[in-house]
Colleague: 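Pasting a structure here, questions to come.
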There are 2 protein chains.
Amino acid sequence: MNQQGLNNKELIVEAADQLFYQYGYSQTSFSDISDKAGIPRGNFYYYFKTKDDILTAVLTQRHQLIKQLLQDCENYSNDVKAQLIYLLEVLLRDEENIVKYGCPVGTISSELSKSSVNLQMQVTDIFETLRQWIEIKMLAAGLAERSKSLSMEMLARLQGVTVLANVYHDIDFLRQSIQQHKQWLTDLLNAN
Amino acid sequence: MNQQGLNNKELIVEAADQLFYQYGYSQTSFSDISDKAGIPRGNFYYYFKTKDDILTAVLTQRHQLIKQLLQDCENYSNDVKAQLIYLLEVLLRDEENIVKYGCPVGTISSELSKSSVNLQMQVTDIFETLRQWIEIKMLAAGLAERSKSLSMEMLARLQGVTVLANVYHDIDFLRQSIQQHKQWLTDLLNAN
DNA sequence: ACAAATATAAGACAGTCGTCTGACTAATGC
DNA sequence: GCATTAGTCAGACGACTGTCTTATATTTGT
């Protein structure tokens, strides 16, 4: 695969990533991606045999992004509490889009849970990457056997806030909830 | 409209309701609904001019159901705390389907937020019916000016738990979270 | 009993979907 | 320098989409 070819594949995945987020997977057509990426529709088959293959590539990219964000948190501070709070900020940084389209991982998960079982597992993996990192940080903070359920609780809180902010298109609620979540984390980690 | 006609319209809405929940709105075709309802596809146009009209009818039905559930809570007890806890149980009663397909209102909301703006407002109305009822109950419990934000927090918690239970297909997590939510409500209402 | 309105049924319609083929060009390996 | 592979492009394919028309049957009001 030459330079140009790699570039085209990346362009397709990048366009698909944005479109899947904004319009959903099933509502995005090859033509939509083609138009956005500026690459002829017929050419897609060379890179991806099926539409599901494109989604797989997009999900892999989103998974990579999450891993990168976690790494950023590691680099941000040596303090576990600061890392967790920073994760919160990083995940909800893109306020406008979250309010408009919801969580990029959560929304694709609920779409896929209604159709493609095997693809949904890939999304579960992304959640699991996040959850495990959070659990490890909580363990490090001395939360012991509560860490696992607390990591689930943290993810659930994040998803809930995201869904509600999206339902009401309320960016202020999103911001207030982030503050509230920070307080929850602070209390949790200080109590120990 | 005669008896038979009313019946057919209800059959269509009923079939569509289930299919929209299980497969999503855009992934459900007229043919799917036709097959499930046992009514010829061509006949649909007599009752609904567009697919959106069917969704409107389905959303109206779901809204009615929620209002009915709230009424059930009113009838269940005179105690505000008992009413709120009962609401929790009623909303998450259908555990298997929540784990498989998520929240019937939340998932359609996130699908619609990616396409149809006007239809999504109808879903926001459903949330608002729920939220206002919760707020009123909290006001009655003496939570005063905190009631509004607490009603949002309660909805967010419910949605978050639902999303996570769906992501992991974990019915035990759902049950534990309900218990946890009950405790949260109890603490909240007793503290006052 | 007859006219009008309501309801049911079947299928046509244009458009779009994801997929695939074949022809063409560019790059690579020997 | 030639054969082989990798990459690009346009367009065809059948299947399916939501919508709409037409024809027929049933019910209703008078």
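In what follows, chains are A, B, ... by sequence order, proteins preceding strands, each numbered from 1. Scope of the values below: all heavy atoms of this structure, side chains included, with no hydrogens, waters or symmetry mates.
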Colleague: Let me have the donor-acceptor pairs involving side chains of residues 154-163 of chain A, under 3.5 Å, with sequence neighbours excluded, atom names and distances please.
Modeller:
| residue | atom | partner | partner atom | Å |
| --- | --- | --- | --- | --- |
| A:Arg157 | NE | A:Glu153 | OE2 | 3.4 |
| A:Arg157 | NH2 | A:Glu153 | OE2 | 3.4 |
| A:Thr162 | OG1 | A:Leu158 | O | 2.7 |

Colleague: For A:Phe173, which residues count as a ring-ring contact (aromatic ring centres under 6.0 Å, His included) partner, sequence neighbours excluded?
Modeller: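 Once residues adjacent in sequence are excluded, A:Phe173 has no partner under the ring-ring contact (aromatic ring centres under 6.0 Å, His included) criterion.
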
Colleague: Specify the separation, in whole Å, of atom CZ of A:Phe48 and atom P of C:dC20.
Modeller: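 That distance rounds to 15 Å.
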
Colleague: How close or far is atom P of C:dT19 from atom NZ of A:Lys51, stated in whole angstroms?
Modeller: 8 Å

Colleague: With sequence neighbours left out, what residues match A:Asp35 under side-chain hydrogen bond (donor to acceptor under 3.5 Å, both in side chains)?
Modeller: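 Checked A:Asp35 against side-chain hydrogen bond (donor to acceptor under 3.5 Å, both in side chains); zero matches.
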
Colleague: Specify the separation, in whole Å, of atom CG of A:Asp53 and atom C1' of C:dC20.
Modeller: 14 Å

Colleague: How long is the line joining CZ of A:Arg41 and P of C:dT16, in whole Å?
Modeller: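 Answer to the nearest Å: 11 Å.
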
Colleague: Please identify each residue that fulfils salt bridge (charged side-chain N to carboxylate O under 4.0 Å, His left out) with B:Glu74, with sequence neighbours left out.
Modeller: B:Lys137

Colleague: Whether the B:Thr107 and A:Ser110 side chains hold a donor-acceptor pair (N or O, under 3.5 Å, no angle test) is what I'd like checked.
Modeller: no

Colleague: Mind calculating the distance between OH (B:Tyr46) and C1' (D:dA25) to the nearest angstrom?
Modeller: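 Distance check: B:Tyr46 OH to D:dA25 C1' gives 13 Å.
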
Colleague: Near DNA chain D, counting only heavy atoms under 4.0 Å, which residues of residues 15-40 of chain A show up?
Modeller: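 Under 4.0 Å from DNA chain D: A:Pro40.
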
Colleague: Quickly work out the A:Lys9 NZ to D:dA6 C1' distance and round it to whole Å.
Modeller: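 Whole-Å distance recorded here is 13 Å.
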
Colleague: May I have the distance from B:Asn8 (atom CG) to D:dT27 (atom P), rounded to whole angstrom?
Modeller: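 About 13 Å, once rounded to whole Å.
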
Colleague: For B:Lys182, give me all partners under salt bridge (charged side-chain N to carboxylate O under 4.0 Å, His left out), at least two apart in sequence or on another chain.
Modeller: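 Residues passing salt bridge (charged side-chain N to carboxylate O under 4.0 Å, His left out) with B:Lys182: B:Glu89.
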
Colleague: Just how far, in rounded Å, is P of D:dG11 from CG of A:Asn43?
Modeller: 14 Å

Colleague: Between B:Tyr45 and D:dC20, does any side-chain N or O lie under 4.0 Å from OP1 or OP2?
Modeller: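 B:Tyr45 to D:dC20 OP1/OP2: side-chain N or O found under 4.0 Å.
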
